[in-house]
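This report concerns only the one structure given below.
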Amino acid sequence: MHSLCVLLPTAALAAVTSHTTIDSSAPAILTQQLSSFGVDLFATENTPAAALQHAACVMDQYLDQDRDGVADDPNVVSALTSLSAAMIMGATESDVEDVFDAIDDS
């Protein structure tokens with residue numbers, strides 16, 4: 001699997017941050033978390049870490065198309081973060097259904 005992240009200089013990915021502790025408001029089934037410009041991306045344990053990293057890089061590129069380390073439109077980032085928008089990933093459809101079941105149960 002090829003990833004755009006591998007091809008980009010490290011400085012271009014400055015907005016992607018990893019988390020050693022998962023947000024306490026996230027369901028326990030989500031065991032991985034990255035952020036891009038404060039927008040969280042969560043994944044289940046079965047989701048390959050490379051897939052989550054790729055998604056975070058795509059989010060980073062979407063928000064910072066000129067790759068200067070600053071979001072191109074701060075209003076978009078503000079809207080996403082004010083709504084606590086997040087991306088949820090699972091390795092399978094069943095994984096994603098389990099996440100939504102966990103959210104419904106909370």
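The line from OG1 of T31 to CZ of F42 is 11.0 Å long, rounded to the nearest 0.5 Å.
Closest non-hydrogen pair, Q61 versus R67, comes out as CA-NH1, 3.2 Å. Of all non-hydrogen atoms in T47 and A51, the two that sit nearest each other are CG2-CB, 4.3 Å. For the residue pair A71 and F37, the shortest heavy atom distance occurs at N-CE2, 3.4 Å. Across all their heavy atoms, D66 and V70 have their closest contact at OD1-O, 4.3 Å. For A56 against L34, the heavy-atom pair with the smallest separation is CB-CD1, 3.8 Å.
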What pairs of donor and acceptor atoms, side-chain ones from residues 87-103 against any protein atom, are under 3.5 angstrom apart with sequence neighbours left out?
unit_1	atom_1	unit_2	atom_2	d
T92	OG1	S94	N	3.4
T92	OG1	D95	N	3.0
D95	OD1	N46	ND2	3.3
D95	OD2	T44	OG1	2.6
D95	OD2	A91	N	3.0

- Can you check side chain to side chain contact (heavy atoms under 4.5 Å, CB included) on Q33 and L52, steps first, answer last? CA-CA 8 Å; Q33 180 180 1; L52 179 60; 5.9 Å; no

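A donor-acceptor pair under 3.5 Å is formed between the side chain of S82 and the backbone N or O of S78. Listed for the D60 side chain is no donor-acceptor partner under 3.5 Å among the backbone atoms of S36.
By the 4.5 Å heavy-atom criterion applied to side chains, V39 and T81 are counted as neighbours.
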